[in-house]
Amino acid sequence: MLSADSKAMGIIFPNSFDSLVSKMVELRLMASLPFASRYRMVDFVLSSMSNCGIDNVAILPSKNYRSLMEHLGTGREWDLARKNGGVHIFPPFAENRGQIANGRIVAINNILRYLRAQNAKYVVMCDSNLAVNFDFKAMIQAHIDSGADVSIAYNEQALPESFLNSDDVNKDYYYSFDITEGRISEINVNPTEGVHNLSMNIFVLERELLIKLVKDAFDHGLIHFTRDILWAKRNELNLYAYKYEEYVARICSINSYFDENMKLLDRENLDALFGAAPIFTKIRDDNPTRYLKGTKVNNVMAADGCVIEGEVENSILFRGVKVARDAKVKNCVLMQDTVVEAGANIEYLITDKEVVVSKGKEMKGTDTYPTYIVKGYKI
């Protein structure tokens, strides 16, 4: 648990970067996106907070949050079903004068009354497009030791192509940092290609400072926390860069969603993501996966409830997937309750929940352009 003088609360923005996977979030948000055979994207940051003793978490959706509410429930699986604290979902109009959030500033301003009533000294803020096993205690301690006003986590990586090719960069800004002796000396808004100190949009700052910054920004009609507050005040605020060097899966396109799932078929990556601390998710009581006579399976991650009779290779299978006899599945990500009927042959597909691939059908994408099939569709 965090010590009394460094107690922190969490804020999660579940809709960030929805626009980069727009087809996949028509009926959900980024936080609810299934990942790694049995998890949702929100499970990673929420579990990381719980593991680090952050037991008071506000989630600020702007739309499509029904699936998130169903997934989180009371927060019991993350040890957040509490009388004091716990997990709280704030729809846009949960507070008087609430507005549809078009950025972090509006979203936080909608819950200022709630923030003022808390007793946590620090606030940890993050998105839910990162699958990461994050040690928030280490970052909070580094923030305290640095004496910074705001600490921001970053990792060093090449800029994802989806950022450069986005149809509307104004929907989801991305940032990189110039760093001098641990301090952020410049914030680059929507930088060009190359290797960058790329922001993970994980922030630590004092709760009272957050309230002051957001209230002032909102009163001036500002929208974006990083661009309109931190970038504008970069010479006034002491901004500390916290380098994260552990495993990060960043979802920012359908291609990256496919690639990051497939990377987990490598045991080294799987251990890097799940080895540091447990990742929790909603329990679905089901039988273990059954591999029937004649099944051929090679390099597969399969969740509980699957029934496999055919051939499956290099694939991620979510709960309840059924692969019938003589069906072939290769290099696919099949979400919950997908059915591949007898004799079907699929490759480089991402199927959403409850998709049916009919008997004898053949459908193939490519490694650079996997085909996405929407929820409930029958091929």
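All values derive from a computational prediction rather than experimental measurement.
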Give the intermediate values and the outcome of side-chain hydrogen bond (donor to acceptor under 3.5 Å, both in side chains) for residues D79 and S50.
CA-CA 7 Å; D79 192 28; S50 178; 5.1 Å; no
Can you tell if the side chain of I308 reaches within under 4.5 Å of the side chain of R290, non-hydrogen atoms only?
no
Please report the closest heavy-atom contact between Y372 and V374, naming both atoms and the distance.
CE2-CG1, 3.8 Å
Co-membership, hydrophobic cluster, residues L27 and I89, 4.5 Å side-chain
no
Would Y247 and M41 show up in the same hydrophobic cluster when neighbours are defined by side-chain heavy atoms closer than 4.5 Å?
yes
Flag yes if Y369 and I346 sit in one hydrophobic cluster, no otherwise; membership is Ile, Leu, Val, Met, Phe, Trp, Tyr, and two members link when side-chain heavy atoms are under 4.5 Å apart.
no
If you compare all heavy atoms of E156 against all heavy atoms of V195, which two are closest, and at what distance to 0.1 Å?
CG-CG1, 3.8 Å
Do you know which two heavy atoms are closest between I187 and I184, and how far apart they sit?
CG1-CG2, 3.8 Å
Show the nearest heavy-atom pair for residues L264 and A36, with the distance to one decimal.
CD1-CB, 3.5 Å
Is the shortest heavy-atom distance from the side chain of F134 to the side chain of M200 under 4.5 Å?
yes
So among N201, D228, N109, L60, which one has a side chain to side chain contact (heavy atoms under 4.5 Å, CB included) with R104?
N201
Heavy atoms, side chains only, cut-off 4.5 Å: are D352 and I373 in contact?
no
pair N345-K364: side-chain heavy atoms closer than 4.5 Å:
yes
Centre of W231's six-membered ring, under 6.0 Å away, within 45 degrees of the axis: is that where NZ or CZ of R234 sits?
yes
According to the interplanar angle, ranging from 0 to 90°, do the rings of H143 and Y122 count as parallel (below 30°), tilted (30 to 60°) or perpendicular (above 60°)?
perpendicular
If you take all heavy atoms of T338 and M335, which pair is closest and at what distance?
OG1-O, 2.9 Å
Run through N188, L198, I152 and flag the one making a side chain to side chain contact (heavy atoms under 4.5 Å, CB included) with F177.
I152
May I ask you to decide if F280's main-chain N or O and W78's side chain share a donor-acceptor pair within less than 3.5 Å?
yes
Can the positive tip of R40 be found less than 6.0 Å from the middle of the six-membered ring of F35, inside 45° of the ring normal?
no
Under 30°, 30 to 60°, or over 60°: which ring-plane class applies to Y348 and F258, parallel, tilted or perpendicular?
tilted
Take D55 and R82 through the salt bridge (Lys or Arg N to Asp or Glu O under 4.0 Å) test and state the conclusion after the steps.
CA-CA 8 Å; D55 56 13; R82 297 168 177 264; 3.8 Å; yes
Test item: F218 and L222 side chains (from C-beta on) under 4.5 Å apart, heavy atoms
no
Taking atom CG of N84 as the centre, report whether more than 12 heavy atoms of other residues, nucleotides or ligands fall under 6.0 Å from it.
no
In the structure I gave you, are the side-chain heavy atoms of I111 and H88 within less than 4.5 Å of one another anywhere?
no
Closest non-hydrogen atom pair, A8 against A120:
C-CB, 3.9 Å
Would you say that more than 12 heavy atoms from the other residues, nucleotides or ligands in this model lie under 6.0 Å from the CG of L209, or not?
yes
Parallel, tilted or perpendicular: which describes the rings of F274 and Y39, with under 30° parallel and over 60° perpendicular?
tilted
Within-4.5 Å side-chain heavy-atom neighbours: L334 and V340:
yes
Any side-chain to backbone donor/acceptor pair from R28 onto M24? Under 3.5 Å, distance only.
yes
Evaluate whether atom CZ of R76 has more than 12 neighbouring non-hydrogen atoms of other residues, nucleotides or ligands under 6.0 angstrom away.
no
Among T226, L210, L239, which residue satisfies the side chain to side chain contact (heavy atoms under 4.5 Å, CB included) criterion with F203?
T226
Are there over 12 heavy-atom neighbours, none belonging to E268, within less than 6.0 Å of that residue's CD?
no
Spell out, yes or no, whether V356 and V312 are grouped together once hydrophobic residues are joined by side-chain heavy atoms under 4.5 Å, including indirect joins.
no
Do N133 and F44 come within less than 4.5 Å of each other through their side chains, counting heavy atoms only?
no
Answer with yes or no whether the hydrophobic clustering places V321 together with V307; edges join I, L, V, M, F, W, Y residues whose side-chain heavy atoms lie under 4.5 Å apart.
no
